[in-house]
There are 2 protein chains.
Amino acid sequence: MDTTKNISNPYTVTECKTFILPVRDVIDLLGGKWRLPIIIALSFKNHRFKELERQIEGITPRMLSKVLKDLEINGLVNRDVFKTTPITVEYSLTDYGKSLDKVIETVREWGLTHRQKIINK
Amino acid sequence: MDTTKNISNPYTVTECKTFILPVRDVIDLLGGKWRLPIIIALSFKNHRFKELERQIEGITPRMLSKVLKDLEINGLVNRDVFKTTPITVEYSLTDYGKSLDKVIETVREWGLTHRQKIINK
DNA sequence: CGGGATCCATCGAGATACTG
DNA sequence: CAGTATCTCGATGGATCCCG
């Protein structure tokens with residue numbers, strides 16, 4: 001944040017919204033119940049649909065399908081179909097998806113200290 | 001993320017959940033419709049309740065009250081009551097709350113490039 | 001195996017009115 | 001001014017069954 005402008009708040013409401021937009025995008029991309037588990041699982045290794053369903057306990061195929069589709073649209077996940085019988089589909093993180101790791105790590109570090117702080121109260 | 005362990009995924013499901021927990025904490029802290037606008041507004045300057053209500057267009061006193069209370073519980077926001085007549089209440093970010101700025105900035109940078117990438121498609 | 005379709009429960013959030 | 005109390009609704013996600 002541009003602290004040089006904090007003193008008298010010269011930002012208009014519109015500027016403030018513009019500031020927030022890209023942050024909200026990422027929060028939404030990582031938010032929801034299943035996005036993080038799926039991204040983390042794929043950061044470990046590529047997975048097939050059924051593998052993910054087994055790995056991420058509690059998820060239904062409906063939600064798995066939905067989130068994977070969304071992550072694919074956002075360019076974070078690759079979907080590779082192999083024409084075996086029966087058909088197999090492999091999901092993997094794109095290089096771009098992997099670039100989220102550093103963001104997640106930054107967030108995680110703050111979150112770890114936060115946990116300590118809250119627990120100590 | 002510990003990339004040295006990514007190759008064969010030695011993480012158990014439990015370890016994976018433990019890994020995610022602090023990340024989820026932060027996402028929840030910044031998620032929802034009003035948390036970011038409130039935090040950003042308070043990062044500019046301290047505000048009274050009514051000032052926030054005016055500044056953050058569309059928010060109802062109910063939601064404002066709710067989120068402020070939650071942010072206070074999480075140690076991000078101070079609530080100072082002044083016994084004037086009528087009573088005035090000033091909200092401000094704690095030093096701890098301000099420490100979130102660097103996290104938000106990291107998230108925002110990634111989000112900005114993401115916007116470019118998505119728009120160009 | 002890799003999903004889609006449908007129905008249903010829960011929860012975040014809006015609208016409105018009211019209080020100390 | 002600084003909130004609280006109800007009521008309501010739409011979105012998120014769960015349960016279950018089905019298909020190529």
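Hydrogens, waters and symmetry mates play no part in the numbers below; they use all other heavy atoms, side chains included. Numbered from 1 within each chain, the chains take letters A, B, ... in sequence-line order. Keep in mind that this is a model prediction, so the values were computed, not measured.
- With contacts defined as side-chain heavy-atom distances shorter than 4.5 Å, the pair A:L100/A:L30 qualifies.
- One can place CG of B:N46 at 13 Å from P of D:dA2, the figure rounded to the nearest angstrom.
- A salt bridge links B:E53 and B:K50; the closest N-O separation between the charged side-chain nitrogens and carboxylate oxygens is under 4.0 Å.
- Distance CZ (A:F82) to C1' (C:dC1): 14 Å, rounded to an integer number of Å.
- Minimum atom distance to the side chain of A:P86 is reached by C:dC1, of the listed C:dC1, C:dG14, C:dG3.
- Considering only heavy atoms from C-beta on, A:N74 comes within 4.5 Å of B:H114 through its side chain.
- When the nucleotides D:dG13, D:dT4, C:dG4 are ranked by their closest atom to the side chain of A:K69, C:dG4 comes out on top.
- Of the candidates D:dG3, C:dC1, D:dC1, the closest approach to any side-chain atom of B:S65 belongs to D:dG3.
- Straight-line distance from the CD atom of A:E53 to the P atom of D:dA15: 13 Å, rounded to whole Å.
- Among the protein residues, B:G58 comes within range of no part of the nucleic acid, since none of its heavy atoms lies under 4.0 Å from any strand.
- Taking 4.0 angstrom as the limit, A:Y91 places none of its side-chain polar atoms (N or O) nearer than this to OP1 or OP2 of C:dC1.
- Applying the 4.0 Å criterion to OP1 and OP2 of C:dG3, one finds that A:R79 has a side-chain N or O inside that range.
- Using a 4.5 Å heavy-atom cutoff, the side chains of A:F82 and A:V89 are not in contact.
- Within the 4.5 Å cutoff, the side chain of A:N78 has no heavy atoms near those of the A:E72 side chain.
- With D:dA2, C:dG2, D:dG14 as the choices, the nucleotide that has an atom nearest any side-chain atom of A:F49 turns out to be C:dG2.
- Counting heavy atoms from C-beta on, the side chains of B:D80 and B:N46 never come closer than 4.5 Å.
- As a whole-Å value, the separation of B:I59 CD1 from D:dT4 P is 13 Å.
- Nearest nucleotide to the side chain of B:K33, out of C:dG14, D:dA2, C:dG4: C:dG14.
- If you take CE of A:M63 and C1' of C:dT10, they are 14 Å apart, rounded to a whole angstrom.
- For the atom pair A:I38 CD1 and A:D70 CG, the distance stands at 9.5 Å (nearest 0.5 Å).
- Using bins of under 30°, 30° to 60° and over 60° for the plane-to-plane angle, the ring pair A:W110/B:Y96 lands in the parallel bin.
- As a whole-Å value, the separation of A:L64 CG from D:dG13 C1' is 14 Å.
- Among the nucleotides D:dC1, C:dC1, D:dG3, the one closest to the side chain of A:K50 is C:dC1.
- Rounded to whole angstrom, the span from the NE2 atom of A:H47 across to the C1' atom of C:dC1 amounts to 17 Å.
- End-to-end axis angle of the helix from C:dC1-D:dG20 to C:dG20-D:dC1, from C1' rotation axes over five pairs per end: 40° (rounded to 10 degrees).
- At a threshold of 4.5 Å between non-hydrogen side-chain atoms, the residues B:F19 and A:I40 count as touching.
- Atoms CH2 (B:W34) and P (D:dG3) sit 18 Å apart, rounded to a whole Å.
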What nitrogen or oxygen pairs link the protein and nucleotides 5-7 of chain D at under 3.5 Å?
none

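- One finds no salt bridge joining A:E90 and A:K45 here, because no Lys/Arg side-chain nitrogen approaches an Asp/Glu carboxylate oxygen to under 4.0 Å.
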